[in-house]
Amino acid sequence: MRRIIHKKFFNRDAHIVARDLLGREIRRRIGSRVVRAVITETEAYMGPHDKASHAHRGLTKRTAPMFGHPGTLYVYLVYGMHYCLNLVTREKGYPAAVLVRAVRLLPSGILINGPGRVTRALAIAKSFNNKNIFSDKRLMLGPRHFTPKQIRKTPRIGVPYAGAWAHKPLRFLIE
DNA sequence: GGTGCGATTGCA
DNA sequence: GCAATCGCACCA
C-alpha cells in the first residue's frame, strides 16, 4: 500500500515529529465529504519523564493509547467538554505524542486556533481514541503543502504544573 | 466510595 | 475574571 507518510514517520522523538508535521495536510473523511486542513501548530510530549505529559503518571486507562504503535491516535476529553487530538510517536511501549493545536482549513485558509477547536472543526471525538492514522479511513495525513522557512518555538500552553518541563520550548508553530 | 482537577473555551 | 462539565487518577 502506497502511503504519503511512511509508517516510520512517527517512530521518532516527539519534538522531531511535531516540527515535521507543520505544513502537512490532515484529511478527515466524513462519509463522501473530505475536510482538509494544514497543520500549523503542534506541541511535543516527550515521554514518561516529561512532567507535562499524561504519561508521566505511567500506564493508566486514559494514557494507554500513548503506549501504542507509532501513529496511534490519542484523543482525550479535557475540562469535561473539549477533545484534544494527539499522534503517538516513538516505538510501541514508549509513551510520547504530538498534540495538534492549530490548523488552517483548505481551501479557505481559515485558521482554527486551539486544540479543542481543531477537534470540533474536524469532527474528532472519543471514537477516534486508540485508532491508528494508517488504518482508520476517517483520518489520514496528506502531502506537505510547504516547508516552513521559520518555525517559532515557545513553551507549551497550559502546563504550569510541569516544573522545569513547563519552560522547555516544545510548542512549534508557523508564523 | 469520595474528591479534586485538567495538554480549554467562550462569555461577562 | 471565571463558569461550564465530566472522566479519571488518586486516596481511603
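Letters A, B, ... are given to chains in the order of the sequence lines, protein chains preceding strands, and every chain is numbered from 1. Fair warning: this is a prediction, and the values are worked out from it, not measured in the lab.
- Between A:Asp20 and A:Arg144, at least one side-chain N (NZ, or NE/NH1/NH2) sits under 4.0 Å from a carboxylate O, which counts as a salt bridge.
- Note: A:Trp165 and A:His49 meet the aromatic proximity criterion, with ring centroids under 6.0 Å apart.
- Remark on DNA chain B: of its neighbouring residues A:Arg117 and A:Val98, the 5'-side contact belongs to A:Val98, judged by nearest-heavy-atom nucleotide.
- Backbone-only contact: A:Arg120 has heavy atoms under 4.0 Å from sugar-phosphate atoms and none from a base.
- Between A:Glu43 and A:Arg156 no salt bridge is recorded (no basic side-chain N to carboxylate O distance below 4.0 Å).
- With respect to A:Leu173, the side-chain contact (heavy atoms from CB on, under 4.5 Å) criterion is satisfied by exactly one of A:Leu22, A:Thr154, A:Thr40: A:Thr154.
- Residues A:Ile26 and A:Leu122 form a side-chain contact, since some pair of their non-hydrogen atoms from C-beta on lies under 4.5 Å apart.
- A distance of 9.5 Å separates OG1 in A:Thr72 from CG in A:Leu87, rounded to the nearest 0.5 Å.
- Considering all non-hydrogen atoms of both residues, A:Pro70 and A:Lys92 come closest at CD-N, 4.0 Å.
- Relative to the ring axis of A:Phe10, A:Arg90 does not place its NZ or CZ within 45° and under 6.0 Å from the centre.
- In this structure, OH of A:Tyr83 is placed 11 Å from C1' of C:dT5, rounded to the nearest angstrom.
- On the nucleic acid side, DNA chain B contacts chain A at distances under 4.0 Å to non-hydrogen atoms, with the end points of that region at B:dG6 to B:dG10.
- When the C1' atom is compared between B:dC5 and C:dC2, the two are found 15 Å apart, to the nearest whole Å.
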- Message: Give the dot-bracket line for DNA chain C from 5' end to 3' end: parentheses for intra-strand Watson-Crick or G-U pairs under 3.5 Å, square brackets for crossings, | for inter-strand pairing, dots for unpaired.
- Response: ||||.||||||.
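- Atom NZ of A:Lys61 and atom C1' of C:dG7 are 8 Å apart (whole Å).
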